[in-house]
Every structure is written in structure tokens, then in C-alpha cells.
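Note on naming: letters A, B, ... go to the chains in the order of the sequence lines (proteins, then strands), and numbering restarts at 1 for each one.
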2 protein chains.
Amino acid sequence: MKPLSSPILDEKLKEHVLIQYLSRFTTVSEEDAHILLENLDVRSFKKGDILLREGQISPWCYFVLKGCVRQYYLVDGEEKTTNFFTEGTPINLYEGFYKNAPAKYYLVCLEDSYLSVGPPEDTSHPLATKFEPVCRLSSQEESSKYQEMLAMYMIHSPEERYLNLLKTRPDLIERVPQYYLASYLGVTPETLSRIRKRIMSK
Amino acid sequence: MKPLSSPILDEKLKEHVLIQYLSRFTTVSEEDAHILLENLDVRSFKKGDILLREGQISPWCYFVLKGCVRQYYLVDGEEKTTNFFTEGTPINLYEGFYKNAPAKYYLVCLEDSYLSVGPPEDTSHPLATKFEPVCRLSSQEESSKYQEMLAMYMIHSPEERYLNLLKTRPDLIERVPQYYLASYLGVTPETLSRIRKRIMSK
DNA sequence: TTTCTTTCTTGACGAAAATCAATGAAATTG
DNA sequence: CAATTTCATTGATTTTCGTCAAGAAAGAAA
């Protein structure tokens, strides 16, 4: 397991991102928020830090408070980027925690990041029962989101996928190196470069 | 809304599929199973029956007891098949129920099917509280499943995706017309035909 | 700054898939 | 059953993308 850096105590940051996220599924009282933040383990990671390697069985779950985490599979020695987790996104390692199965992919910090780290299910937690439905709602939303992402990927051409990314996640195009985006869109860097050129001249 | 046919009372069928599914997430007592099946609304559908049309706001959730439901998007007048739901699979219409948003896709029965139909969240249900964690676990599994499906789709070529389908869901290749499979794999029917030919001669 | 490395762009060529068109096979219907 | 429709295959051609290779641009480090 990777060494984790020292915990962080920037309450404002946590409040803005995590509490705001939970508020989408329930009403979070001042008091609840306080208890939550007290018990939260927030840690800072450096660009390039590896959260998870292929083959590892990780007991951790993450929530991105700040920064960006890239997911990739290693096939024939080549990195295939499949996801970017940014601010306000949960990273659930279902296989590791529930099925005790080794991960098939890597998780790496693309930027210096603040992540909240913890086991997905802490029944001893003072708010565990209250937040059970919140976890369900969050999971349902995640499930629905990924179903739609899959469908959108299946339906569209690489050029359409790039235009889609421009609309839905314009920040990614700014902060992520283009050859990672290319992989994420399912094309080579050369092709993405040409797609961009094609679009510009319109 | 489509007219639903009359309810079914084949207890054995229900037990085999739904209770078995729930047992993956909790221990279901004889008594629980009985209460569940009593309250279950199972309905029969004919091949071609439409469960959901683009633009509809559906309050229903489904669980496939028997048969197959195809999901597709309509783009430029063309059907793009994005999923096949078969025995033991939940069909959650998150957008419709939680976000009150119109569906972007269609759901059609590919075969005569038995589906359990119901709202996803019936708090008055006698087992609602007990099954809250089950719903969460199920959603988490679904979420993880679709994340992996998306990654696998992104990573592999059409030929690899077909070989993958042969391994993971060989039943689909038997029961689903090839031009639907082609769409699902992201290629034209002609290309799938050639992929199969290529594979045969090895 | 200069150098070195990394990332992006461009061109030439080959491979794979889409498209168009025709034919054959299989299923459905009267 | 034949007639019709639907679906699968095959061939010829075009389009798109991948691969290889060479530079250009942009950052990072000395």
C-alpha cells in the first residue's frame, strides 16, 4: 500500500465539496456536517501518486475534494485511459471491498489532489444509519450515470465524443494532456489532433 | 403508458430468479421471501411490447424474471442498441423516478417476458427498511458493473468485443438477432458478419 | 538563458470499417 | 404450400483511423 501523506484540516474545502455533494441526496444539518467533517480523513496527494495498481486488493474508497485522478488499464504495455475523476466525484472500488478481488486497473493522480479516504461502509460511524439511504441514492445515480456514459460512447463517433466532452466537461480539455484525452476518446493522439483541426476550420 | 397484461402467479419462477438475486446481498428467510412474493407485481409481456419510449417519464422499475429487454437510442432515425437485459437483471429508470426527466431511449421486449414491475422505493412496504441496504449493495454492484463495461468497450476493438461477448454472455449470441448484436458491438451488420467469418477460419 | 524532454502536429501509407449494391437464406404470412 | 418479408452474407469502393516517421511547439531543468 502506498504511503499516505499527512491529513489536512481545511474545513472550508471539505464543506464546499463533500457537504454540497451529500446535500443533493438529503438535508445535512449544521450538526451533521460538523460530525461528518470531524470524522473525515482528508489527505493530500502529489501529481503522479499511485492510489491503486493492477492486482492490488484495495480496501479504500475515495472522494475527490480537489484535483484529478486518472483511471487506466494496461494492455500490451499500453496505458488505456478510461476515466477522469474530478472535484465532487466518488471513487468506489467495489471489487476490492466487496468481492475481495484484485483490481484490473490503475488509479493515478494527474494533479496535486485532496482526497477524502475511507472504507465505504463504516457501520460504527455515528451517522451510518442516517446516511445509508444517501449511499443508496448516490450509488443509483452513479449507476445511471455510467449506463448513460456507456450508451453515449457506443452511439457516437470519436469526433462526436470530443464535441460532447467540450460541452459536458470543458474543464478536462484544459487540464488534461491531449494524449490522455485521445486514449479516453478511443483514438490515437494523431487522430485527436486531426479531429481538433477539422473542428477549428468550421 | 402501455397497457399491462394481467398479473402472473407462478411462485416457483419468482423464487428462482428474484429471491436468488436478493440472496447475493442478504440472507432471505422463508418468511421474508413469502412476504416479498405476496407483494410482488409480476406481469407478462409479449415480444415487441414497448416498456418505455423516448420522451416518456416512467415511474416504473423492472426486474427481469424471464425473457429479454432491449434498450436502444434513436439517432437520425436509426436504432442504436445499447443494452440487453436478461434473466436476473434489474432495470432502473433513475432519470424518470428521481429526476422526473424524460427518457432518452426506448425499452422493448425482444422475447415474450415475465417482468416484476414496481416503483423503486415503496417506503410503506413491510420490508422496506430491511431491504434498504440490499438496494444499496445492488446499486453499487450495478454501478461497478457498468463502469467496467464502459472500460471494456473503450479498450477493445469490435472483434475483441465480439469474442468477449462469446465468453461473458454466450446466450445473447443465440437468442438475439445478429443485426442487433452488431449495433450493440458498435459496428454495421456487414462488419459483424465479416468478423464472424474471420474468427471461424482460425 | 540554453538545453533537454515531453507533447503536439503534419505527412505518407496501410489496415479496418462504412457504405452501396446484389444475392442467398431463413422466417413469416396468406 | 408458395409468396413475401426479413435477415445474413459477399463483393467493390470510399472513408476513417492507425501506424510510422519527422518536425514544431511547449515545458521543465540545468
Colleague: Atom OH of A/Tyr179 and atom P of C/dT10: how far apart are they, to the nearest Å?
Modeller: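 Rounding to the nearest Å, OH of A/Tyr179 and P of C/dT10 are 19 Å apart.
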Colleague: For B/Arg175 and C/dA27, what is the distance between atoms CZ and P respectively, to the nearest whole Å?
Modeller: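 Distance, rounded to whole Å: 17 Å.
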Colleague: Looking only at side-chain N and O atoms, does B/Gln178 come under 4.0 Å of OP1 or OP2 in D/dT9?
Modeller: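 B/Gln178 to D/dT9 OP1/OP2: side-chain N or O found under 4.0 Å.
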Colleague: Which residues satisfy the salt bridge (Lys or Arg N to Asp or Glu O under 4.0 Å) test with B/Arg70, sequence neighbours excluded?
Modeller: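 For B/Arg70 the salt bridge (Lys or Arg N to Asp or Glu O under 4.0 Å) partners, ignoring immediate neighbours, are B/Glu79.
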Colleague: Output all residues satisfying side chain to side chain contact (heavy atoms under 4.5 Å, CB included) with B/Ser144, sequence neighbours left out; order by chain, then residue number.
Modeller: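 Expected list: A/Tyr94, A/Glu95.
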Colleague: Round to the nearest Å and state the distance from A/Met200 atom CE to C/dT10 atom C1'.
Modeller: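 In whole Å, C/dT10 C1' lies 16 Å from A/Met200 CE.
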Colleague: Rounded to whole angstrom units, what separation is found between the CD1 atom of B/Ile173 and the P atom of D/dA8?
Modeller: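 Rounded to whole Å, this separation is 13 Å.
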Colleague: Round to the nearest Å and state the distance from B/Ile199 atom CD1 to C/dA16 atom C1'.
Modeller: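 It is 14 Å, rounded to the nearest whole Å.
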Colleague: Is it true that A/Tyr21 and A/Phe63 have ring centroids separated by less than 6.0 Å?
Modeller: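 Here the rings of A/Phe63 and A/Tyr21 have centres that are less than 6.0 Å from each other.
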Colleague: Sugar-phosphate atoms are those with a prime plus P, OP1 and OP2; base atoms are the rest. Using that split, label each nucleotide of nucleotides 10-29 of chain D B, S or - for protein heavy atoms under 4.0 Å, 5' to 3'.
Modeller: BBB----SSBB---------
Colleague: Side chains of A/Asn92 and A/Tyr98: donor-acceptor distance under 3.5 Å anywhere?
Modeller: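 No.
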Colleague: So does A/Glu142 pair up with A/Lys145, basic N to acidic O under 4.0 Å?
Modeller: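 Salt bridge between A/Glu142 and A/Lys145, a charged N being under 4.0 Å from a carboxylate O: yes.
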Colleague: Can you name the side chain to side chain contact (heavy atoms under 4.5 Å, CB included) partners of B/Thr86, sequence neighbours left out?
Modeller: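 Testing B/Thr86 for side chain to side chain contact (heavy atoms under 4.5 Å, CB included), a comparison that skips the adjacent residues, returns B/Cys68, B/Thr89, B/Arg169, B/Asp171, B/Leu172, B/Arg175.
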Colleague: Output all residues satisfying side chain to side chain contact (heavy atoms under 4.5 Å, CB included) with A/Ala151, sequence neighbours left out; order by chain, then residue number.
Modeller: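 B/Tyr73, B/Thr82.
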Colleague: Provide, to the nearest angstrom, the distance between the CD atom belonging to B/Glu160 and the C1' atom belonging to C/dA17.
Modeller: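 Between C1' of C/dA17 and CD of B/Glu160: 15 Å.
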Colleague: How does DNA chain C look in dot-bracket form if you count Watson-Crick and G-U pairs under 3.5 Å, write [ ] for pairs that cross, and put | where a base pairs with another strand?
Modeller: ||||||||||||||||||||||||||||||
Colleague: Does A/Lys46 pair with A/Asp112 as a salt bridge, N-O distance under 4.0 Å?
Modeller: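 Salt bridge between A/Lys46 and A/Asp112, a charged N being under 4.0 Å from a carboxylate O: yes.
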